[in-house]
There are 2 protein chains.
Amino acid sequence: MTNLDIAEVARRSGLPASTLRYYEEKGLIASSGRAGLRRQFDPGVLQRLALIALGRTAGFSLDEIVLMFGPDGQPRIDRTMLTAKAAELDTTIGRLTVLRDSLRHAAACPAPSHLECPTFRRLIRAAESGTVDPPPPAPLRKHRQNC
Amino acid sequence: MTNLDIAEVARRSGLPASTLRYYEEKGLIASSGRAGLRRQFDPGVLQRLALIALGRTAGFSLDEIVLMFGPDGQPRIDRTMLTAKAAELDTTIGRLTVLRDSLRHAAACPAPSHLECPTFRRLIRAAESGTVDPPPPAPLRKHRQNC
DNA sequence: GTGTCACTTCAAGCCGACTTGAGGTCAACC
DNA sequence: GGTTGACCTCAAGTCGGCTTGAAGTGACAC
């Protein structure tokens, strides 16, 4: 009664059934049983999937996420890990912010060619100097009205 | 004289030679000739590699980046594309910011289990409601001292 | 009882961005 | 003139996160 068919879980979570099977295989979720061949899931799986999605958004791999659940199924999240990930996100955010501002500038800049725009050239130089490499960032000041 | 050996380009750009060959194959860079078998590069390739790195950081694929150079080798960057990418980055930054704050909160939160922390639960609920899915974001207010 | 249809398993394929490995070439040094 | 070592080509492998395809099963409708 309270159990959900895989199709229902797929519908409610927005994930394709193939992904759910894959997650089960990886040990990220567990089916509560079978009705014939068909997997049945406890409704709690939805929260768990949400948690998994959250972890993925934060940049954790599925393997890392598996480790975040105790054998009891309870999330057992290491606070140190969270702090580290937060710091990592912080760095990423900083890089992306600089880049976004630079892109906006380049888009708005009146110089006929990007190579003639001082801001763009500064950005390239920063990139060239190794301050920007993918992943790494581009140090540049805030977006301003004129070059 | 002015030409650079692939090893030199690798050293200066920080990219392995295999990557440079791969980039050449993809049409991202061009060697200016050969000395025997060995590729020679114009020093300008370094700026170009910097530009490529920049594009990668901004989230462009190599295929997209190829299109950003005219047949003349001059960067021919579509300003509309830049604006669009800036907006995309903006969204990403927003999502990551919320997530970072939430992670920090969860790390600092005194609740014995994360599931008992209201902020964390709110985050999960947000995730569950589809506001957060990977890529998508987690809407949640700023980090605060207490739950 | 037979058709349909959503599920099942298992293996293989896909994507992007490279890396790795085998086997070959070439310039320079001793 | 032989060894070394850095380059070369081309094909295949890697990684993560799934998706796809073929072939099978089982519950329910008619």
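Numbered from 1 within each chain, the chains take letters A, B, ... in sequence-line order.
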Do [X] side-chain atoms and [Y] backbone N/O form a donor-acceptor pair below 3.5 Å?
X	Y	result
B:Arg39	B:Arg21	no
A:Glu64	A:Ser61	yes
A:Thr57	A:Ala53	yes
A:His114	B:Ile77	yes

Exercise. For the helix from C:dG1-D:dC30 to C:dC30-D:dG1, how many degrees between its two end axes (five pairs per end), to the nearest 10°?
Worked result: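 End-to-end axis angle: 20°.
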
Take atom [atom1] of [X] and atom [atom2] of [N], then tell me their distance rounded to the nearest Å.
X	N	atom1	atom2	answer
A:Phe60	D:dG17	CZ	P	13 Å
A:Arg11	C:dC7	CZ	P	12 Å
A:Ile29	D:dC18	CD1	P	11 Å
B:Leu28	C:dA17	CG	P	9 Å
A:Leu15	D:dC18	CG	C1'	11 Å
A:Leu20	D:dG17	CG	C1'	14 Å
B:Glu25	C:dA17	CD	C1'	12 Å

Exercise. Below 4.5 Å, heavy atoms only, C-beta onward: do A:Leu96 and B:Leu96 meet side chain to side chain?
Worked result: yes

Exercise. Between B:Leu20 and B:Ser13, which heavy-atom pair has the shortest distance, and what is it?
Worked result: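 Smallest interatomic distance, heavy atoms only, reads CD2-OG, 4.5 Å.
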
For this session: Evaluate whether atom CZ of A:Arg79 has more than 12 neighbouring non-hydrogen atoms of other residues, nucleotides or ligands under 6.0 angstrom away.
Result: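 Correct, the count exceeds 12.
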
Exercise. Between A:Ser31 and A:Glu24, is a side-chain hydrogen bond (donor to acceptor under 3.5 Å, both in side chains) present by the stated rule, with each step listed?
Worked result: CA-CA 7 Å; A:Ser31 50; A:Glu24 189 187 24; 2.4 Å; yes

Using the 3.5 Å cut-off, write out each protein N or O paired with an N or O of nucleotides 18-21 of chain C and the distance between them.
residue	atom	partner	partner atom	Å
C:dC18	OP2	B:Tyr23	OH	2.9
C:dT19	OP2	B:Ser18	OG	2.9
C:dT19	OP2	B:Thr19	OG1	2.5

Exercise. Cation-pi between A:Arg48 and A:Phe69: NZ/CZ under 6.0 Å from ring centre and within 45° of the ring axis?
Worked result: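 Satisfied, under 6.0 Å and within 45°.
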
Exercise. Would a hydrophobic clustering, with Ile, Leu, Val, Met, Phe, Trp and Tyr connected at side-chain separations under 4.5 Å, put B:Leu54 with A:Leu115?
Worked result: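 Hydrophobic grouping puts B:Leu54 with A:Leu115.
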
Pairwise N/O distances under 3.5 Å, protein to nucleotides 6-8 of chain D:
residue	atom	partner	partner atom	Å
D:dA6	N3	B:Arg38	NH2	2.8
D:dC7	OP1	B:Asp5	OD2	3.1
D:dC8	OP1	B:Arg39	N	2.8
D:dC8	OP1	B:Arg39	NH1	2.9
D:dC8	OP2	B:Arg21	NH1	2.3
D:dC8	O5'	B:Arg39	NH1	3.3
D:dC8	O3'	B:Arg34	NH1	3.3

For this session: Nearest 0.5 Å please: distance from the CG atom of B:Leu28 over to the CD atom of B:Glu25.
Result: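 B:Leu28 atom CG to B:Glu25 atom CD measures 10.5 Å (nearest 0.5 Å).
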
